[in-house]
Amino acid sequence: MRILLILTAILSISLSTAFAQIRGEVVEYKQGTTVLEGYLAYDDSIKGKRPGVLVVHDWLGVGPYVRARAQQLASLGYIAFAPDIYGKDIRPADNKEAAKVSGELKNDRMLLRLRVNAGLDILRNHPLTDPDKLGAIGYCFGGMTVLELARSGANIAGVVSFHGNLDTPADTSSIHTKVLVLHGADDPVVPPAQVAAFENEMRKANVDWQLNVYSGAAHNFTNPNSPAYNRQVDRRSFEAMKAFFREIFA
């Protein structure tokens, strides 16, 4: 029932897919010696190469929510890959376990960057991907992760963080990509001081960045299974992402 609710709520705000043929594939790959298992989605009715979007999971790992989001991006004409940041056999059973696993990577930003870049390589090298048109989005933990992807100097068009952690690491690298942050005004996980520090980081690095702050939105506002879910802000933030991609992939 939980999976059904998530899929129904997410796909109800997608474009019509009456003529789409969305295919999903489990992809096993490695980062170093660590075996990872991601999820790839694309519309099989579209011929030829298309822009690629990395869709990074929240702190629960590669599961029904991020797979549904990857399918949603595929229905818009992108090839979408949900990379596995944790490892093939690491799938948190609850929030307590998820906090522990995600916290370990949050405290090891270099490993986090290696993991997300390994996923980007899978997407970039897929035969259906236009390697000159790449973007990344992420939710919560994934939002922080795509910002780390940008900080790693990845050569992509843009990244989008949905209610992600914004704390700025000391070893920030040059950012060569555009950045869109979609943030809840009432998010208790990301205090105003953290938002201000992030803004200063973007200014100092001379990044082309945007910050959308949504009133009445708390943390995890895009997830239908969360008590903080906000349907209106979910829709508004997703439309902002679509506009961002239309611009950077033009």
Side-chain angles (χ1 to χ4, degrees), residues 1-14 54-70 72-73 82 85-86 92-107 112 136-150 158-169 179-202 209-244:
M1 179 60 72
R2 175 182 176 183
I3 294 175
L4 180 60
L5 287 173
I6 292 174
L7 292 174
T8 300
I10 291 175
L11 295 180
S12 67
I13 62 173
S14 300
L54 211 62
V55 185
V56 185
H57 59 75
D58 59 14
W59 70 352
L60 290 176
V62 180
Y65 179 72
V66 76
R67 289 181 181 224
R69 286 296 187 184
Q72 190 179 21
L73 268 293
I85 308 299
Y86 291 162
D94 52 37
N95 287 340
K96 182 179 180 180
E97 187 177 338
K100 179 179 182 297
V101 176
S102 63
E104 291 172 354
L105 280 159
K106 180 181 178 182
N107 293 326
L112 182 62
I137 71 172
Y139 296 87
C140 297
F141 168 81
M144 176 189 70
T145 301
V146 299
L147 291 175
E148 287 301 306
L149 176 64
V159 302
V160 183
S161 168
F162 290 85
H163 45 79
N165 190 290
L166 302 179
D167 65 325
T168 303
V179 173
L180 172 62
V181 169
L182 306 168
H183 175 65
D186 300 327
D187 188 338
V189 179
V190 183
Q194 189 179 115
V195 178
F198 171 78
E199 292 179 359
N200 288 334
E201 175 197 356
M202 294 295 102
W209 64 285
Q210 302 173 54
L211 172 64
N212 289 9
V213 180
Y214 299 98
S215 64
H219 195 65
N220 212 17
F221 59 75
T222 64
N223 193 331
N225 199 52
S226 168
Y229 179 63
N230 187 315
R231 180 181 294 273
Q232 178 173 260
V233 177
D234 183 16
R235 178 186 59 79
R236 287 177 174 175
S237 60
F238 197 78
E239 289 298 319
M241 179 212 72
K242 291 198 295 183
F244 181 71

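Here the structure is a predicted model, which is why all the values come from computation and not from measurement.
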Using atom types as modelled, flag every donor-acceptor pair under 3.5 Å from a side chain in residues 55-64 to any protein atom, sequence neighbours excluded.
{"from": "His57", "atom 1": "NE2", "to": "Ile85", "atom 2": "N", "distance (Å)": "3.2"}
{"from": "Asp58", "atom 1": "OD1", "to": "Leu60", "atom 2": "N", "distance (Å)": "3.1"}
{"from": "Trp59", "atom 1": "NE1", "to": "Asn95", "atom 2": "OD1", "distance (Å)": "3.4"}

(Q) Treating Gln210 as the side-chain partner and Leu180 as the backbone partner, does any N or O pair qualify as donor plus acceptor under 3.5 Å? (A)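 No; judged by distance alone, with no hydrogens or angles, the pair does not exist.
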Q. Short question: side chain of Asn107, backbone of Gly103 - any donor-acceptor pair under 3.5 Å?
A.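 Looks like yes, one N/O pair under 3.5 Å.
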What distance separates [X] [atom1] from [Y] [atom2], expressed to the nearest 0.5 Å?
X	Y	atom1	atom2	answer
Glu148	Leu112	CD	CG	5.5 Å
Leu211	Phe198	CG	CZ	7.0 Å
Gln194	Asn165	CD	CG	4.5 Å

Q: Show your reasoning for whether side-chain contact (heavy atoms from CB on, under 4.5 Å) applies to Arg235 and Arg231.
A: CA-CA 6 Å; Arg235 178 186 59 79; Arg231 180 181 294 273; 5.7 Å; no
Q: Check the pair Val181, Trp209 against side-chain contact (heavy atoms from CB on, under 4.5 Å), reporting the backbone distance first and the verdict last.
A: CA-CA 8 Å; Val181 169; Trp209 64 285; over 6 Å; no
Heavy-atom closest pair, residues [X] and [Y]:
X	Y	result
His163	Thr222	NE2-OG1, 2.8 Å
Cys140	Asn220	SG-OD1, 3.3 Å
Tyr229	Asn223	CB-O, 3.1 Å
Asn212	Ala240	ND2-CB, 3.7 Å
Ser161	Met144	OG-N, 4.4 Å
Leu73	Ile137	CD2-CD1, 3.9 Å

Q. Under the side-chain hydrogen bond (donor to acceptor under 3.5 Å, both in side chains) test, which residues partner His219, sequence neighbours left out?
A.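 side-chain hydrogen bond (donor to acceptor under 3.5 Å, both in side chains) list for His219, sorted by chain: Asp187.
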**Q.** Parallel, tilted or perpendicular: rings of Phe162 and Tyr139 (30°, 60°)
**A.**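 If you compare the ring of Tyr139 with that of Phe162, the planes turn out parallel.
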Q. What do the steps show when you test Asp186 against Phe221 for side-chain contact (heavy atoms from CB on, under 4.5 Å), and what is the final call?
A. CA-CA 10 Å; Asp186 300 327; Phe221 59 75; over 6 Å; no
Q) Yes or no on side-chain contact (heavy atoms from CB on, under 4.5 Å) for Leu147 and Val179, after CA distance, side-chain angles and deciding distance? A) CA-CA 8 Å; Leu147 291 175; Val179 173; 3.8 Å; yes
Student check: side-chain heavy atoms of [X] and [Y] closer than 4.5 Å:
X	Y	answer
Asn200	Thr168	no
Val146	Val160	no
Phe141	Leu105	yes

Q: Return yes if a side-chain donor-acceptor contact under 3.5 Å exists between Gln72 and Arg69, otherwise no.
A: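 Yes, Arg69 and Gln72 have a side-chain donor paired with an acceptor closer than 3.5 Å.
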Q: Please determine if Lys242 and Glu239 form a salt bridge, counting it only when a charged side-chain N lies under 4.0 Å from a carboxylate O.
A: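 Judged by the 4.0 Å cut-off on N to carboxylate O distance, Lys242 and Glu239 do form a salt bridge.
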